[in-house]
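Here is the structure we will look at, set down as structure tokens.
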Amino acid sequence: MKALHRWIALLIIAVVTFSFFSVATSKVQADTKLNSNSIPQWELMWDEDSVPAIEEVNGVFAAGEWQSFTFDDALPDKPAHIRAAWLRFKLPEYDLSRPAVLITKLTAKDVKIFMDQKVVYESSRNYPFNKNEILLSLSESESGQFVYLFVQTDSDWLGFKAQPEVGEGQALNKDFLKKEVYEVILGSILLFVSLALLLCFIFLNRTYLAGLVSLSFFILSISLMILSLSPYLHTMYSHNGRVMYYLFDIGSNLLMPSLFFFFERIFGKGPWKIITRFRKLQVIVSIITIIWLFLSFSSSEIGSAYTSATIITFGGTIIIGNGLLFILLIRFCLQKNKNAIIMATGFGIFAAIGVMEVIWYFISEMNYDMFFWKWGIMTFLVSLLFILARRIIESYDQVLKYSRQLEVFNNELQRSEKMEIISQLAASVAHEVRNPLQVTRGFLQVLGESPRNEKEKGFMVLAIEELDRASEIITDFLMFAKPELDQMTTLNVAEEILKIEAILVPLANMQGSIIQVESASNLYVYGNSSKLKQALINIIKNSIEALNKGGTIVIQAYSKDDLHVVICIKDNGEGMNELELKKLGEPYYSKKTKGTGLGLMVTFRIIEVMKGSIFFTSEKGVGTEATIQFPMVKK
């Protein structure tokens with residue numbers, strides 16, 4: 001949860017940084033305007049003729065023909081039957097080495113500019129894009145003269161939304177590029193990111209492919225919308241303007257389907273499958289709209305109907321989709337879904353910025369170009385990328401967890417197979433060997449009663465001892481082969497450990513070691529008393545033999561979660577390395593000179609039959625700790 005809070009904080013810091021950068025850029029632009037010569041007002045005259053006649057217009061000075069406006073005024077309402085107008089403004093007096101005029105936020109589709117009754121700029125578009133950014137070079141002789149613009153449009157607004165600026169051409173060009181190119185850079189970066197994400201499917205599992213592709217298309221749609229609305233591209237690449245303009249429609253039709261497809265991959269189908277159903281509806285609407293778009297090129301009637309319909313469909317899907325997204329995110333956030341919290345944070349920042357800009361747009365009488373929403377959408381995209389990264393990391397961690405479990409299961413399976421083979425072999429060998437050994441031992445005892453000399457008597461005693469050791473090994477074999485415990489009963493762990501302590505303290509004292517017992521009372525397990533002693537004695541004896549002089553063995557017994565009894569046997573002996581730890585309990589592995597490894601094998605089987613588990617930890621030169629856990633029995 002702390003990591004989640006850190007990421008949310010980073011998102012907020014990113015938005016604040018972007019906002020500060022944008023405000024600073026705006027201030028620099030404002031300072032540039034203060035240092036240039038601003039045009040205080042402009043004039044307009046409506047023209048019913050679609051063919052410009054500069055000679056006639058240049059002589060029209062009658063009162064009422066030209067309407068004067070300041071740049072603080074709202075754009076005039078265009079008469080319904082008129083689509084053309086003349087605009088003019090007077091250049092200030094200037095003394096510049098390379099003068100130029102920068103015209104920004106000119107609302108018109110087709111533009112023709114006249115100076116000294118000559119055409120100095122012309123732009124004609126066969127698509128309804130009404131934003132213009134124009135930089136014109138001037139001469140010294142044009143100082144104080146009028147600049148005439150013949151403009152045409154089918155929209156309801158026509159005219160200047162910002163003051164033209166007169167200044168040094170190089171400075172104005174730099175200001176123009178600084179102001180306009182950042183949108184192109186932002187859109188290009190998003191386009192590159194979307195394509196890079198699409199290429200990632202080569203390296204990722206198919207599990208993530210659907211979410212990755214949907215997110216890529218969402219980023220692609222945002223990049224197309226930003227690029228297609230950039231006046232810079234429409235000015236610099238006017239011959240491809242129609243293609244760029246309709247890229248906005250393609251991007252807007254990819255926006256909501258790709259977002260809800262990604263949303264479905266992360267959060268599922270939603271209550272009553274509402275996410276899936278809305279996503280399918282969006283896909284159908286988008287397909288129909290894109291087909292309609294291509295059909296609109298064939299006739300103006302279809303194009304007009306398309307334009308009217310797409311305003312409704314785009315606005316409707318954005319409003320309904322965002323509203324549905326907002327409600328579902330609240331629902332998932334209340335369920336403490338971390339991905340929902342991250343997405344809600346990014347979406348909330350974007351929505352807050354968008355709402356504030358829309359409000360300010362209407363407060364300023366639609367004389368404001370929305371700017372900060374682009375950074376808001378960036379925070380939303382960052383949150384989506386973070387969610388996808390979290391899903392990939394979580395899946396990767398899950399795969400690692402499963403691989404570790406699989407390795408453990410595989411080791412257990414191999415051990416189980418080994419134990420099964422050895423137990424079958426042990427049972428058959430023990431039965432075949434035990435009887436001849438007992439007969440041999442009997443004859444040796446008889447011979448030992450009347451030896452010829454003390455030397456022969458010593459040989460007989462040694463032979464009998466070795467036969468007894470062989471018999472013990474066979475007994476261990478039988479125990480390992482058939483570990484079923486008879487006379488199972490409820491055992492008091494503390495009492496059993498005290499009995500074991502009494503047996504092993506003399507052995508420990510002989511080695512110069514100490515046994516310390518710390519056992520809680522009222523700890524009960526179900527098992528066989530003698531077999532439990534055998535298992536614990538095997539472990540404790542190994543600890544005694546691993547000790548140096550003055551070593552200590554600590555035996556602890558306690559309750560864990562009131563469900564299990566834990567017996568911990570810890571020594572400060574020579575310890576073992578990782579490889580030696582892994583071999584514990586394997587057949588015929590022992591660190592003793594005459595050891596067979598059967599003792600620990602039997603111990604493992606006894607604990608297993610009592611439904612317990614055993615785990616060893618050790619460090620070379622520090623010591624070894626055996627942790628045994630049994631189910632607790634209530635008494």
Side-chain angles (χ1 to χ4, degrees), residues 11 14-15 17-19 21-22 25 127 129 131 133 177-202 209-238 240-263 265 279 282-283 286-287 289-290 293 310 314-315 317-318 321-322 325 343 346-347 349-351 353-354 357 369-389:
L11 286 176
V15 174
T17 304
F18 288 142
S19 302
F21 172 77
S22 304
T25 304
Y127 57 95
F129 187 75
K131 294 182 179 180
E133 307 282 346
L177 292 176
K178 184 190 299 182
K179 180 176 177 294
E180 298 298 332
V181 172
Y182 89 93
E183 288 188 350
V184 178
I185 294 173
L186 178 61
S188 301
I189 290 172
L190 292 178
L191 181 63
F192 174 78
V193 170
S194 66
L195 296 177
L197 286 175
L198 281 174
L199 291 175
C200 286
F201 78 92
I202 301 173
L209 189 58
L212 186 67
V213 170
S214 60
L215 182 57
S216 301
F217 273 96
F218 179 71
I219 299 175
L220 176 64
S221 65
I222 297 295
S223 67
L224 292 178
M225 293 171 69
I226 292 175
L227 289 171
S228 62
L229 292 177
S230 171
Y232 178 82
L233 291 180
H234 288 273
T235 302
M236 300 300 295
Y237 304 99
S238 57
N240 293 321
R242 185 178 177 87
V243 175
M244 288 187 290
Y245 177 77
Y246 285 109
L247 281 177
F248 179 88
D249 289 20
I250 295 174
S252 63
N253 279 287
L254 292 174
L255 184 68
M256 295 310 292
S258 56
L259 176 59
F260 269 83
F261 201 99
F262 179 81
F263 197 72
R265 295 300 98 189
R279 187 258 304 166
Q282 285 287 321
V283 170
S286 297
I287 291 173
T289 305
I290 291 174
L293 167 63
T310 50
F314 178 67
T317 54
I318 290 294
N322 285 336
L325 191 67
M343 190 171 183
F347 181 73
I349 293 172
F350 166 57
I353 292 173
E357 283 212 304
D369 286 336
M370 290 186 287
F371 172 80
F372 291 101
W373 72 272
K374 300 180 183 72
W375 302 117
I377 199 69
M378 288 295 290
T379 62
F380 186 43
L381 290 177
V382 169
S383 68
L384 298 183
L385 287 168
F386 183 52
I387 289 171
L388 183 63

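Treat the numbers as computed from the prediction; the structure is a model and nothing was measured. Numbering of residues begins at 1 and proceeds along the displayed sequence.
Rounded to the nearest 0.5 Å, atoms CE (Met343) and CG (Leu325) are 5.0 Å apart. The CD1 atom of Ile189 lies 12.0 Å from the OG atom of Ser194; values are rounded to the nearest 0.5 Å. Note that OG1 of Thr317 is 7.5 Å distant from CG of Asn253, once rounded to the nearest 0.5 Å. Annotation: the span from Ile222 atom CD1 to Phe380 atom CZ amounts to 8.5 Å, rounded to 0.5 Å. Taken to the nearest 0.5 Å, the CG atom of Leu191 stands 6.5 Å off from the CG atom of Leu227. Interatomic distance, OG of Ser221 versus CG of Leu247, reported as 12.0 Å (0.5 Å rounding).
Taking the side chain as every heavy atom from C-beta outward, Leu381 and Phe350 never approach each other to under 4.5 Å. With contacts defined as side-chain heavy-atom distances shorter than 4.5 Å, the pair Leu255/Phe218 qualifies.
Of all heavy-atom pairs spanning Gly346 and Ser383, the tightest one is CA-OG, 3.8 Å. Across every non-hydrogen atom of Val184 and Ser230, the tightest pair is CG2-OG, 3.5 Å. Taking every heavy atom of both residues into account, Leu190 and Ser223 meet most closely at CB-CB, 3.6 Å. Shortest non-hydrogen contact noted between Ser228 and Tyr245 is CB-O, 4.5 Å.
For the side chain to side chain contact (heavy atoms under 4.5 Å, CB included) with Tyr246, the qualifying choice from Asp249, Ile250, Val243 is Asp249, the only one to do so.
No more than 12 heavy atoms of other residues, nucleotides or ligands lie within 6.0 Å of CZ in Phe192, so this atom counts as exposed by the packing criterion. Within 6.0 Å of CZ on Phe217 lie no more than 12 heavy atoms contributed by other residues, nucleotides or ligands.
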